[in-house]
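A note on names: the letters A, B, ... follow the listed sequences, proteins ahead of strands, and every chain is numbered from 1.
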There are 2 protein chains.
Amino acid sequence: MDAPEDWPRFAVTVDLVVLTVRDGALHVLLVRRGEDPWRGAWALPGGFVRPVEDLHEAAARELAEETGVHQAAGHLEQLGSYGAPDRDPRMRVVSVAHLVLAPDLPEPTAGTDAAAAAWVPVDRVAGDELAFDHARILADGVERARAKLEYSPLAAAFCAERFTVAELRAVYEAVWGRALDPRNFHRKVTSAPGLLVDTGERRTEGRGRPAAVYRRGPATTIAPPLSRD
Amino acid sequence: MDAPEDWPRFAVTVDLVVLTVRDGALHVLLVRRGEDPWRGAWALPGGFVRPVEDLHEAAARELAEETGVHQAAGHLEQLGSYGAPDRDPRMRVVSVAHLVLAPDLPEPTAGTDAAAAAWVPVDRVAGDELAFDHARILADGVERARAKLEYSPLAAAFCAERFTVAELRAVYEAVWGRALDPRNFHRKVTSAPGLLVDTGERRTEGRGRPAAVYRRGPATTIAPPLSRD
DNA sequence: GCGTCTTATCGTCGGTGTGACGAGAAAACA
DNA sequence: TGTTTTCTCGTCACACCGACGATAAGACGC
């Protein structure tokens, strides 16, 4: 099977698990499907990969097009591919899922394809109300995010460019669903080499002593890792 | 773009990074291409996904067909997808790469498609002698394997069903390319709950005191992780 | 202005895991 | 029988961790 007519034809899509932290809870960006199948159901944003673009490009493009989110501020990585033969009743589709971690954003803008888009707390998404196999993709994405916070500086992708230790801690608490000791957390992240860069700036957030404002440092891993036990 | 004629058609393949430990070194299974493009170059084994099979099934099938390796003994997981528009000059191909960790096997059996197959030490694979983007896929697979040994019981996938602590340590040393202290390694793996099950059996390997023989335990993670520093 | 509250930041302390390494156990080999 | 080799168990100093006390520095109510 080597002639161009011989290989099975697939449609290839990218689906996006876009996560953010709002009001102390992890949220995922969902769109409501306007077409069959699964018309009216919530789904992950996504779309077809174009004939001439890389998978990563396609994901970034769909992210901007369909959700108005620009990758620059956050983090985009490939999550995995899903290609069960019957996952889409119309045709054979392989979806390359991507994970996006974004700072809290004003409001989801419904894109061209989607009837509506909304941030939904991940623990309020019932598995059976998502289209296709998106419940599994979402679960894999959330688990990936939870695991990566342990040993990577990725939590900062949920924050604005300048942030305080408390804001960073709030991200961990939201993603892990668990309260962390502010003193130990402060010690760990400030002592991890290259993780945070002190801007010298201070910021007072309502009550309490003003907090130092940091930027992301050059570190690519957190050693030793934080523990989510 | 919703009619079946509208979406771009892709070929979807699975490529396999099959790793094993031989003679104290990490080896990868390569096949020599018998057809253009890249005729005569080494490549990762792989092939087209069939119209009705899941990606994981396709990887397991290609593994058995093309290399004679049966997954049962080892470990098979998805590594990631590669879909640069120009990665195959013939057509638009998205490859879903999989990572296989297998015990040392007698000899690679050249499969139907491949002119030849061979175990090659990974540190002797020159990047520019691999077909397509397989050098990058291989690098990603090796890095995934190295990282996973830290916190998962996956090293046992490189061993036979029953193995000694020294054999397990040899796997770590081969994959990480670094000598480990036998005493500290022994302490860590035997004290990690659920990692090893003592079979009661002993085995004497040439000289030295006979070693206890273990099977894999039910643990899915190693806590605390081993460190490869 | 002055206490009070709240949050940020720094320190302390006991427990635990770690790497470096010593020492004994149990085999093969000369 | 001694030597060598490898496996296995201990020891010890050190780093780190979680729990938590103490202090710093702002806002707030009066």
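- Counting only distance, with no hydrogens or angles, the side chain of B/E129 and the backbone of B/W42 share no donor-acceptor pair below 3.5 Å.
- For B/L101 against B/A145, the heavy-atom pair with the smallest separation is CD2-CB, 4.3 Å.
- Checked for salt-bridge contact, B/R144 and B/D140 miss the test: no charged N lies under 4.0 Å from a carboxylate O.
- The backbone N or O of B/G40 sits less than 3.5 Å from a side-chain atom of B/R32, completing a donor-acceptor pair.
- Looking at residues 217-226 of chain A, you'll see A/P224 sit with a heavy atom under 4.0 Å from some atom of DNA chain D.
- Classification of B/R61 and B/E57 as a salt-bridged pair fails, no side-chain N sitting under 4.0 Å from a carboxylate O.
- For B/R187, the side-chain hydrogen bond (donor to acceptor under 3.5 Å, both in side chains) criterion is met by B/N184, not counting sequence neighbours.
- Bracketed by its first and final contacts, the part of DNA chain D lying under 4.0 Å from non-hydrogen atoms of chain B reaches from D/dT5 to D/dT11 in 5' to 3' order.
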*Would B/R216 and B/L196 count as a side-chain contact (heavy atoms from CB on, under 4.5 Å) if you check the C-alpha gap in whole Å, the side-chain angles of each, and the deciding distance to 0.1 Å?*
CA-CA 5 Å; B/R216 259 192 74 162; B/L196 301 179; over 6 Å; no
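- Nearest-nucleotide assignment on DNA chain D puts the 5′-proximal partner with B/T164, out of A/S227 and B/T164.
- Sorted by first and then second residue, the pairs that involve residues 181-205 of chain B and meet ring-ring contact (aromatic ring centres under 6.0 Å, His included), not counting sequence neighbours, are B/Y172-B/F185.
- Using a 4.0 Å cutoff to heavy atoms of chain A, the contacted part of DNA chain C runs 5' to 3' from C/dT6 to C/dT12.
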*Give the intermediate values and the outcome of side-chain contact (heavy atoms from CB on, under 4.5 Å) for residues B/L16 and B/L44.*
CA-CA 6 Å; B/L16 300 171; B/L44 299 174; 5.8 Å; no
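- One N or O on the side chain of A/T20 and one on the backbone of A/D104 form a donor-acceptor pair closer than 3.5 Å.
- Near DNA chain D, meaning a heavy atom under 4.0 Å away, the residues from residues 208-215 of chain A are A/G208, A/R209, A/P210.
- Distance alone, capped at 3.5 Å, places no donor-acceptor pair between the A/Q78 side chain and the A/V96 backbone.
- Checking each of A/V100, A/L30, A/V28 against A/V18 for a side chain to side chain contact (heavy atoms under 4.5 Å, CB included) leaves exactly one that passes, namely A/V100.
- For the side-chain hydrogen bond (donor to acceptor under 3.5 Å, both in side chains) test, no residue two or more places apart in sequence or in another chain qualifies with A/R207.
- In this view, B/Y214 satisfies the side-chain hydrogen bond (donor to acceptor under 3.5 Å, both in side chains) rule with no residue, not counting sequence neighbours.
- For residues 168-197 of chain B, proximity to DNA chain D is found at B/R169, B/R183, B/H186, B/R187, defined as any non-hydrogen atom under 4.0 angstrom from a strand atom.
- Pairing analysis of DNA chain D (Watson-Crick: purine N1 to pyrimidine N3 plus N6-O4 or O6-N4; G-U wobble: N1-O2 and O6-N3; both under 3.5 Å) yields stems of 3 or more pairs at C:1-30 with D:1-30.
- Not counting sequence neighbours, the partners of A/R87 by the side-chain contact (heavy atoms from CB on, under 4.5 Å) test are A/D15, A/Y82, A/A84, A/V93, A/S95, A/D133, A/H134, A/I137.
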Can you list, pair by pair, the side-chain donor-acceptor contacts under 3.5 Å of residues 149-168 of chain A, counting residues two or more places apart and other chains?
{"unit_1": "A/E150", "atom_1": "OE2", "unit_2": "A/R228", "atom_2": "NE", "d": "2.5"}
{"unit_1": "A/S152", "atom_1": "OG", "unit_2": "A/K148", "atom_2": "O", "d": "2.7"}
{"unit_1": "A/S152", "atom_1": "OG", "unit_2": "A/L154", "atom_2": "N", "d": "3.3"}
{"unit_1": "A/R162", "atom_1": "NH1", "unit_2": "A/E201", "atom_2": "OE1", "d": "2.7"}
{"unit_1": "A/T164", "atom_1": "OG1", "unit_2": "A/A166", "atom_2": "N", "d": "3.4"}
{"unit_1": "A/T164", "atom_1": "OG1", "unit_2": "A/E167", "atom_2": "N", "d": "3.1"}
{"unit_1": "A/E167", "atom_1": "OE1", "unit_2": "A/T164", "atom_2": "N", "d": "3.1"}
{"unit_1": "A/E167", "atom_1": "OE2", "unit_2": "A/R203", "atom_2": "NH1", "d": "2.7"}

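- Listed for the A/R146 side chain is a donor-acceptor partner under 3.5 Å among the backbone atoms of A/V175.
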